[in-house]
Amino acid sequence: MRLVVAGATGVVGRHVVAQAAAAGHDVVPLSRSTGQDVVTGAGLAAAMAGADAVIDVTNVVTTSTRTAVGSFRRATTNLLAAEQTASVPHHVALSIVGIDGETSGYYAGKVEQERLVAAGPLPWTLLRATQFHEFAAQLVQRTSVGPFVVVPAMRTATVAAAEVAGALVTLAAGPPRGRATDLAGPEEAEVADLVRRYLTATGQRRRVLRVPIPGAAGRRLREGVLVPGPGADRGRQTFDEWLEQAPALS
Ligand SMILES: NC(=O)c1ccc[n+]([C@@H]2O[C@H](COP(=O)([O-])OP(=O)(O)OC[C@H]3O[C@@H](n4cnc5c(N)ncnc54)[C@H](OP(=O)(O)O)[C@@H]3O)[C@@H](O)[C@H]2O)c1
């Protein structure tokens, strides 16, 4: 199959590209670094030609509701329009466990993305996953201030990005499913603890500041709204196993 991977250079996108190619698919990688932009629409029409499915694992790094909603709305609208023009029969998107009803910050953008995919013109599959093990490394990259890493107080059950990628490739190769079964990691944990373990494993001497986010959304994070329900599929690799294999994000 010919699979377009939007966000091909990202944390999960790199695994999607590698695993799709290993499974024998014809992979079309798409990102700004290869000349396509899902937010402006640049280069999308050419990338879609002959595609059997598009896997959207693009991202925007923001805590602003306006930026998150605007970016995911434009990206999804542009992708779906280009896919419809090229008669692509299947759109696959990756979202996040437990974000129902969130109206602020980054998660509001993901809710908007989900809404557009489900209401859109194309047959679709939406996989919700928990935060990746790699999320600990992403937080260190994105929220370090001097010797501190500022980490929101939140509980989750992180999953290996490689296992999420495997699920996305399998879903893209099959028929459109609508909402797929949620995918979570094997263990529940406080994210600040995971970041501490990541810092220790990678020999970094930064200190973790666990910060409760004010308001109802912050309380939901602390109470475990992102932890999956009992019906979720479970990845196999634990955070400690991931740390042994891949402690640094390149
Ligand atoms: N990280 C997690 O823990 C986690 C957990 C569950 C679900 N998710 C979801 O998984 C998706 C991917 O997350 P990630 O952490 O792998 O993202 P990431 O590492 O930030 O990578 C984002 C990818 O999107 C590309 N991209 C960004 N803006 C683009 C644009 N305007 N046009 C085209 N490509 C663009 C980036 O490449 P360029 O910069 O070269 O454009 C990169 O390939 C997100 O939708 C996220 O919500 C993430």
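Atoms within each ligand, like the ligands themselves, are counted from 1 in listed order. Predicted model, so just to flag it, every value in this text is computed and none were measured.
A salt bridge does not link E241 with R236: every distance from a Lys NZ or Arg NE/NH1/NH2 to an Asp or Glu carboxylate oxygen is 4.0 Å or more. Using a 4.0 Å cut-off between a side-chain N of Lys or Arg and a carboxylate O of Asp or Glu, E112 and R115 qualify as a salt bridge. The residues E114 and R128 are annotated as salt-bridged, a charged nitrogen and a carboxylate oxygen being separated by less than 4.0 angstrom. Under the 4.0 Å criterion applied to side-chain N and carboxylate O atoms, D182 and R234 are not assigned as salt-bridge partners.
Residue A129 has at least one heavy-atom neighbour below 4.0 Å for each of these atoms of ligand 1: 6 (C). Within ligand 1, the atoms closer than 4.0 Å to a non-hydrogen atom of Q36 are 32 (N), 33 (C), numbered from 1 in the order shown. When each atom of ligand 1 is checked for a heavy atom of G7 under 4.0 Å away, the hits are 23 (C), 24 (O), 25 (C), 43 (O). Each of the following atoms of ligand 1 lies closer than 4.0 Å to a heavy atom of Q131: 3 (O), 5 (C). Less than 4.0 angstrom separates some heavy atom of V57 from each of these atoms of ligand 1: 11 (C), 12 (C), 23 (C). Those atoms of ligand 1 with a heavy atom of A8 less than 4.0 angstrom away are 43 (O).
Atom 21 (O) of ligand 1 has as its closest protein heavy atom G10 CA, 3.1 Å. Ranking protein heavy atoms by distance to atom 8 (N) of ligand 1, first place goes to F132 CZ, 3.7 Å. The protein non-hydrogen atom at the shortest distance from atom 19 (O) of ligand 1 is V11 N, 2.9 Å. Protein heavy atom nearest atom 9 (C) of ligand 1, with residue, atom name and distance: L94 CD2, 3.8 Å. In terms of protein heavy atoms, atom 29 (C) of ligand 1 is closest to R32 NE, 3.5 Å. With respect to atom 32 (N) of ligand 1, the closest heavy atom belonging to the protein is V38 N, 2.9 Å.
Q237 and Q245 form a side-chain donor-acceptor contact under 3.5 Å, judged by distance and modelled atom types alone. D56 and T58 form a side-chain donor-acceptor contact under 3.5 Å, judged by distance and modelled atom types alone. Using modelled atom types, one finds a donor on one side chain and an acceptor on the other under 3.5 Å when comparing Y106 with N59. Under the 3.5 Å distance criterion, with hydrogens and angles disregarded, no donor-acceptor pair is assigned to the side chains of T238 and E187.
Under the 4.0 angstrom criterion for non-hydrogen atoms, A6 is not in contact with ligand 1. Ligand 1 is never approached by V60 to a heavy-atom distance shorter than 4.0 Å. Distances shorter than 4.0 angstrom do not occur between any heavy atom of Q141 and any atom of ligand 1.
No part of S71 comes within 4.0 Å of ligand 1, judged by heavy-atom distances. Contacts with ligand 1 closer than 4.0 Å are made by side-chain heavy atoms of K110 only, the backbone lying farther away. Only the backbone of T130 comes within 4.0 Å of ligand 1, judged by heavy-atom distances. Only the side chain of I96 comes within contact range of ligand 1, with a heavy atom under 4.0 Å; no backbone atom does. Within the 4.0 Å heavy-atom criterion, the part of R142 lying near ligand 1 is the side chain and not the backbone. Of all the heavy atoms of Q138, the ones lying under 4.0 Å from any atom of ligand 1 belong exclusively to the side chain. When heavy-atom distances to ligand 1 are checked against a 4.0 Å cut-off, Y106 comes that close only through its side chain, counted from C-beta outward.
Contact between M48 and V88 at its shortest, heavy atoms only, is O-CG2, 3.9 Å. The two residues S71 and V39 have their closest heavy-atom pair at O-CG2, 4.2 Å. Shortest non-hydrogen contact noted between L194 and A189 is CD2-CB, 3.8 Å.
Partner of V16 under the side chain to side chain contact (heavy atoms under 4.5 Å, CB included) criterion, chosen from L94, V92, I55: I55.
Remark: ligand 1 and F135 share no N or O pair separated by less than 3.5 Å (distance only, no angle test). Checking only distances, T9 does come within under 3.5 Å of ligand 1, N or O to N or O.
The backbone N or O of S31 lies less than 3.5 Å from a partner atom in the side chain of Q36, making a donor-acceptor pair. T125 places a side-chain N or O within donor-acceptor distance of the main-chain N or O of R177, the cut-off being under 3.5 Å.
Within a 6.0 Å sphere centred on CZ of R222, other residues, nucleotides and ligands contribute more than 12 heavy atoms.
Taking only non-hydrogen atoms, the option from T40, N59, D37 nearest to atom 31 (N) of ligand 1 is D37. The option from T58, V12, D56, V164 that lies nearest to atom 16 (O) of ligand 1, judged by heavy atoms, is V12.
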